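As the structure is a prediction and not an experimental result, all values here were calculated from the model. To find a chain, count down the sequence lines: A is the first, B the second, and so on, and within it residues start at 1.
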2 protein chains.
Amino acid sequence: MNDQVDETDLAILRLLQTDGRATHAAIGKAVGLTGPSVYARIKRMERDGIIRGYTALIDPAALDQGLVAIVRVSLKASADEQEPFESIIGADPQVLECHDVDGEDSYILKVRTASPQTLRRLLADLRGVPGVTRTVSSIALETVKDVTATAVLGPVAEARDSGRTAEPAEDR
Amino acid sequence: MNDQVDETDLAILRLLQTDGRATHAAIGKAVGLTGPSVYARIKRMERDGIIRGYTALIDPAALDQGLVAIVRVSLKASADEQEPFESIIGADPQVLECHDVDGEDSYILKVRTASPQTLRRLLADLRGVPGVTRTVSSIALETVKDVTATAVLGPVAEARDSGRTAEPAEDR
DNA sequence: TTTGAAATCCGTAATAG
DNA sequence: CTATTACGGATTTCAAA
């Protein structure tokens, strides 16, 4: 499943997550390679889908999207209700995340809006989607942390535990 | 509060969110400016904190961080319990988001781990933090959507039309 | 993986609108 | 005040070994 990602690759990924516009030469100096070597590794990882792309991190407040809310959505338990919901979610740029979760809820969303009023409108839209029976919103008073960078913990090769598939973590 | 961000800036931000490594020349061609003009605008937005940085988007599975969970945390209602919690959250690279929310919960986290076992370990750490009285986890069976790009809906700091523009501003 | 090289790009400066 | 042109230096990208 895991493509070959050695430690040099991990170091490159770490640097690219810190600065997505770092030059190949600078990356090379940090990892002990030359510019073209770094270039080749990056191109390979882009081809393999390990690097999905690059993006600028924008201050949401500057785009008048300063309000964050987590929305838990309950959907009627019939298979054909998911399709319209997910396509609407995908089309709304104010919905940044949508996770199909186990447990009590059907989906958990992270949304960004300009104000409580625009959030209200968004929630009204969500509740209008066929199958949606309930939404519970939690407005973020403050976002303590919000990073996009996936943790780069170490070489992927080692298989410490590959137990079975996800079972609900029963915590309370 | 809003810095001056005109429609050209918005177009640049949109392009940079789509491709954080786009060249100034390419951006310029798209928005009708030359490379140096784009460069000046970008530098200004970086200085103003509108552009916070650049990052590569990495496939979490390639870094063995394929499991996503949303964790709701309840904290004892005393002011001095927040500090240790937030500092621990900030130090853990597996905690990607932490929102201080209103409502029933104290915090809502988004975490990434390798497996249910590592999630279990993370939750055990969280429950060990002084003041934490309860955690409720929802494991993502599938992440339907997960974007970092803030929606760029339209001009923020009011724009009086200077002629016809391609993209009308919509209030949402 | 490295070196080399060509095309492109960046970033500054000076100028013009 | 912002955009454009001009230009030296850096970077990307592709060869070849």
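- Nearest to the side-chain atoms of B/Arg21 among the listed nucleotides D/dT4, D/dT12, D/dT2 stands D/dT12.
- Between the C1' atom of C/dC10 and the CG atom of B/Leu33 lies a distance of 16 Å, rounded to the nearest Å.
- A close approach under 4.0 Å does not occur between any side-chain nitrogen or oxygen of A/Tyr39 and OP1 or OP2 of D/dT11.
- Atom-to-atom, CZ of A/Arg44 to P of C/dT1 comes out at 8 Å; the value is rounded to the nearest Å.
- Under 4.0 angstrom from either OP1 or OP2 of D/dT12 there lies at least one side-chain N or O belonging to A/His24.
- For the pair B/Ile27 CD1 and D/dA3 P, the interatomic distance rounds to 14 Å; values are reported in whole Å.
- The phosphate of D/dA3 has OP1 or OP2 within less than 4.0 Å of a side-chain N or O from B/Arg41.
- No side-chain N or O of A/Thr135 forms a donor-acceptor pair with one of A/Arg72 less than 3.5 Å apart.
- In the set D/dT11, C/dG11, C/dT2, the nucleotide with an atom closest to the side chain of A/Thr34 is C/dT2.
- In this entry the distance linking CG of A/Asp19 with P of D/dT11 reads 12 Å, nearest Å.
- When the side-chain nitrogen and oxygen atoms of B/Ser37 are compared with OP1 and OP2 of D/dT4, one or more of them lie within a distance under 4.0 Å.
- Side-chain atoms of A/Lys76 do not come within 3.5 Å of backbone N or O of A/Val132 as any donor-acceptor pair.
- Side-chain rings of A/Tyr54 and B/Tyr54 stay apart, their centers remaining 6.0 Å or farther from each other.
- In this structure, A/Arg112 contributes its side chain and A/Gln94 its backbone to no donor-acceptor pair below 3.5 Å.
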